[in-house]
Amino acid sequence: MVIVMTADARLLDIKAIVRRVQSAGGDAFVSRGVSRVIIGLVGDLDQFDTLNLQGMRGVSHVTRISTKYKLVSREHH
């Protein structure tokens, strides 16, 4: 899962997301670009869905990278 922050996201906003993800047992990797910050999440994606990350301050959008039911999906056969 990837979280793209808004251009005006503060350091406190980023730290709040990292803390929330870590409290759910996941890891958050922060990548700082020229105009945006992207946070990559590793862990149980179903658990992350319950964290309401999209509603947090400074979040532009949240994108799920892996698909649900990967082992039984048509695109992986």
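Residue numbers start at 1 and run along the sequence shown. Note that these values count all heavy atoms, side chains included, but never hydrogens, waters or copies made by symmetry.
- In this structure, Phe29 shares a hydrophobic cluster with Val42, the cluster being traced through Ile, Leu, Val, Met, Phe, Trp and Tyr side chains under 4.5 angstrom apart.
- Taking CD1 from Ile3 and CG from Leu51, the interatomic distance works out to 8.5 Å, rounded to the nearest 0.5 Å.
- Contact record, Gly58 with Ala9: O-CB, 3.8 Å, taken as the closest heavy-atom pair.
- Met56 and Leu45 fall within a single hydrophobic cluster, where Ile, Leu, Val, Met, Phe, Trp and Tyr side chains are chained together by heavy-atom contacts under 4.5 Å.
- Under the side chain to side chain donor-acceptor pair (under 3.5 Å) criterion, the residue pairs touching residues 7-34 are Thr6-Asp8, Arg10-Asp13, Asp13-Arg57, with sequence neighbours excluded.
- Side-chain N or O atoms of Gln47 include none that pairs as donor or acceptor with a backbone N or O of Ala24 at under 3.5 Å.
- For Arg36, there are no salt bridge (Lys or Arg N to Asp or Glu O under 4.0 Å) partners at least two apart in sequence or on another chain.
- How far CG of Leu41 is from CG of Leu53: 6.5 Å, rounded to the nearest 0.5 Å.
- In this structure, Ile14 and Val30 have side chains that are in contact, with non-hydrogen atoms separated by less than 4.5 Å.
- Residues Phe48 and Val18 fall within the same hydrophobic cluster, defined by Ile, Leu, Val, Met, Phe, Trp and Tyr side chains chained together at heavy-atom separations under 4.5 Å.
- Only one option out of Val37, Val59, Val62 pairs with Ile17 in a side chain to side chain contact (heavy atoms under 4.5 Å, CB included); it is Val59.
- Hydrophobic clustering, defined by side-chain heavy atoms of Ile, Leu, Val, Met, Phe, Trp and Tyr closer than 4.5 Å, leaves Val34 isolated from every other such residue.
- One finds the CE atom of Met1 at 9.0 Å from the CD1 atom of Ile65 (value rounded to the nearest 0.5 Å).
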